Structures are given as structure tokens and as C-alpha cells.
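To start, the structure under review is shown below, and the notes come after it.
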There are 2 protein chains.
Amino acid sequence: MLDVQSPVCKSHHRAMRDTLDVISGKWKLLILSALKERTVRFNELTRELEISPRILSRELKDLERNKLVKRTVRKTRPVTVEYERTAHAATLDPLIEAVYEWGYLHYERVAGTKRPHDPTEAE
Amino acid sequence: MLDVQSPVCKSHHRAMRDTLDVISGKWKLLILSALKERTVRFNELTRELEISPRILSRELKDLERNKLVKRTVRKTRPVTVEYERTAHAATLDPLIEAVYEWGYLHYERVAGTKRPHDPTEAE
DNA sequence: CTGTATCCCGTAAGATACTG
DNA sequence: CAGTATCTTACGGGATACAG
């Protein structure tokens, strides 16, 4: 049988799957992006990203498990928890940047076919 | 500085969502990656990516709808269909490259925490 | 404030069989 | 070969209420 897929393509494929397994989904990159500049508390994130606490909790755990965020409990009055990116997460910056760049540059193109939100736009 | 969500962050967020809406999911980037070098036929893709025809069909339609792949019917013996990337898809190269790079460089790290590997596959 | 516990829905994804 | 038709399962994602 002819070798349809070269070993190069295979490993390429595998590497991409590895990445996608970690960062795919609706939220992970957005969360990491939100943590890019500063440390953020749980509820801050729910508000900023408009994500339900249930989902956020799960996503943060995933990210923590993959060593991309660090969770810190601060013994304040009611107790606050701060999330911050790890150094490892910083290695995702080029990827995040690429995602942002593409969305920014090709916004109109995307808008033509689909565009799900923003209620500020009058209907 | 205490402006929790600056307009910059908002638009950043939006741009990322736009990108994610188009390329998120398990398959789209892998498909585009497979089409990077050459034109590929439908069944070739199902074999190379180990994706079921149903899913592949849907993904290709999505990509076509977003002007990322071009479908060409060749009037051969039983009829073959070739898929190729559009010029627009080429603008995703930096993103795809970033996905590949990260998976490649941080493979070990990922392996430690999760690795849904396919045991049937030997290399 | 920081989550967890339920309940629910839509869709992604897969297996298989079948048609043009 | 290139898909489509079903059917089924799994999971992502959301709403809400509640607990620590």
C-alpha cells in the first residue's frame, strides 16, 4: 500500500492534536487571555467573560491540571481566590496572538457568514 | 487602571471569539493542515485523519462556507472530488503554525497530565 | 466570594449502512 | 468514490439554586 501519509505529516498531526486537546473549547484561550496582564479573581472572570460559574470552575481546573494557571487562596474576609497564568502559559502567547490577529484582520469576512452576538448593536 | 474591562480587552475578546467560531472544534485546523501542501480527495482525508465521512462532510461544508476550502468535482471514472485551501485559508498559517509549534515543544508537559493516545497506532 | 449540585439542551462526534 | 441517512453517545455549555 502506498504511503499516503508521511511520518512528517503524522507527527505534525499529533502535535496539533496535543495542542488542541489542551486549549480547544470555547473558553480556555479567552481565560488565558484575560489572565495575560493581571491576576483575576473568580467572580471577576465570570463577569468579564460572561461565563457561568460552573463552566468557569471546570475550565480553570482543566487549565490548572495542565499547569497553565495557578490558583491562590487569599485569606481575606470572605476569602478570595486569585488566578494567574503560569510561565508555561506564557508560551501560548504566540498562539493567542495569532488567534487574536486573525480574528481582527478577518473580521469582516467572518461577519458575512456568521456573527452571533453583541446586543449593543441595535436590531 | 481599575477599569476592569477596557474597550481594548473587549475588542480583543471579540476578535478571538470570531476566530474561535470559525476554527474551533476537533477537526478544522487539522483538515486545513492536511490541505496545506496539496489537494486531497474526500476519502483520502477520511483515511488520513481517521475521521468519519459524516463528520468530514460537515466540516468541509463549514470550511467552504467560510471560504477556507474550495471544492472541485472532477469528472473522472466514478467521479472524484478534490478539496484545496483557498488563499484566505493561507492567512491561517501563522495560527496553524503556532498550534503545531506549541504541541511540538510542549509535548512532554502535556504527556504528563493527559494523553488520550490511540493504542492501535504503531509507528 | 467561591465554588458545587442539579437539571437541561444542543451539538459535536462516532458507527454503520446505504445511495448516486 | 463521494457522500447521505439514521441512530446513539458524550460532552460542552448554560440556568439556577444552594453550600462553604
Side-chain angles (χ1 to χ4, degrees), chain A residues 1-2 4 13 16-17 20-32 34-35 39-66 69-84 114 116-117 119, chain B residues 4 13 16-17 20-32 34-35 38-66 69-84 114 116-121:
Chain A
M1 47 181 57
L2 62 162
V4 183
H13 180 271
M16 291 184 70
R17 302 275 313 117
L20 295 174
D21 283 341
V22 176
I23 54 92
S24 78
K26 186 176 178 178
W27 296 111
K28 295 199 175 62
L29 286 183
L30 291 174
I31 292 171
L32 290 175
L35 296 179
T39 284
V40 188
R41 285 182 297 99
F42 187 85
N43 269 6
E44 275 183 316
L45 279 174
T46 65
R47 282 190 297 267
E48 285 182 40
L49 301 178
E50 299 179 274
I51 180 177
S52 72
R54 188 179 109 81
I55 307 299
L56 179 59
S57 177
R58 188 191 58 200
E59 298 292 296
L60 286 172
K61 277 178 182 169
D62 284 349
L63 293 172
E64 214 185 337
R65 193 164 45 78
N66 284 315
V69 303
K70 176 159 160 280
R71 180 178 179 275
T72 307
V73 181
R74 300 189 55 184
K75 298 196 169 292
T76 51
R77 352 54 177 286
V79 162
T80 55
V81 180
E82 303 206 321
Y83 290 92
E84 61 185 315
K114 65 184 297 187
H117 73 298
Chain B
V4 181
H13 181 272
M16 290 184 69
R17 303 273 311 117
L20 295 174
D21 283 341
V22 175
I23 55 93
S24 79
K26 187 175 177 178
W27 294 111
K28 295 201 175 61
L29 286 183
L30 291 174
I31 292 171
L32 290 175
L35 296 180
R38 65 188 201 289
T39 284
V40 188
R41 285 179 298 100
F42 187 86
N43 270 5
E44 275 183 317
L45 279 174
T46 66
R47 282 189 299 266
E48 286 182 41
L49 300 179
E50 299 179 271
I51 181 177
S52 72
R54 188 181 112 80
I55 306 302
L56 179 59
S57 177
R58 187 193 57 202
E59 297 293 293
L60 285 171
K61 277 178 182 169
D62 285 348
L63 292 171
E64 216 185 333
R65 192 165 44 81
N66 284 316
V69 302
K70 176 159 160 280
R71 179 178 180 275
T72 308
V73 180
R74 302 189 55 182
K75 297 192 170 291
T76 51
R77 354 91 189 246
V79 162
T80 56
V81 179
E82 303 206 319
Y83 289 92
E84 61 185 313
K114 66 181 294 188
H117 190 43
D118 182 359
T120 65
E121 165 188 318

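Remember, it's a predicted structure, so these values are computed and weren't measured experimentally. Per chain, numbering begins at 1; letters A, B, ... match sequence-line order.
Following rounding to the nearest Å, B/L56 (CG) and D/dT4 (C1') show an atom-to-atom distance of 13 Å. Summarising the geometry, the separation between CG on A/L20 and P on C/dA13 is reported as 11 Å, rounded to the nearest angstrom. Taking atom NZ of A/K75 as the reference point, atom C1' of C/dT2 lies 13 Å away to the nearest angstrom. Atoms CG (B/L60) and C1' (D/dA2) sit 11 Å apart, rounded to a whole Å. Rounded to an integer number of Å, the gap from CG of A/L45 to C1' of C/dT2 is 12 Å. Look at CG on B/L49: it is 11 Å from P on C/dG14, rounded to the nearest Å. Across the protein-nucleic acid pair, A/R74 atom CZ and C/dC1 atom C1' stand 13 Å apart, rounded to whole Å. Whole-Å rounding puts the A/K61 NZ to C/dT2 P distance at 15 Å.
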Take nucleotides 12-20 of chain D nucleotide by nucleotide from the 5' end and write B, S or -, depending on whether a protein heavy atom sits under 4.0 Å from the base, only from the sugar-phosphate, or from neither.
SBBB-----
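Using a 4.0 Å cut-off between charged nitrogen and carboxylate oxygen, A/R17 and B/E50 do not count as a salt-bridge pair.
At C/dT2, one or more side-chain N or O atoms of A/R41 fall inside 4.0 Å of OP1 or OP2 (strictly under the cut-off). Considering only side-chain N and O atoms, B/Y83 lies nowhere under 4.0 angstrom from the phosphate OP1 or OP2 of D/dC1. For D/dT4, one of the phosphate oxygens OP1 or OP2 lies less than 4.0 angstrom from a side-chain nitrogen or oxygen of B/S57.
In this structure, the side chains of B/L30 and B/I51 stay at 4.5 Å or more apart for every pair of heavy atoms. With contacts defined as side-chain heavy-atom distances shorter than 4.5 Å, the pair A/L60/A/F42 qualifies.
Counting only Watson-Crick or G-U wobble pairs whose defining distances are both under 3.5 Å, the stems of 3 or more consecutive pairs in DNA chain D are C:3-20 with D:1-18.
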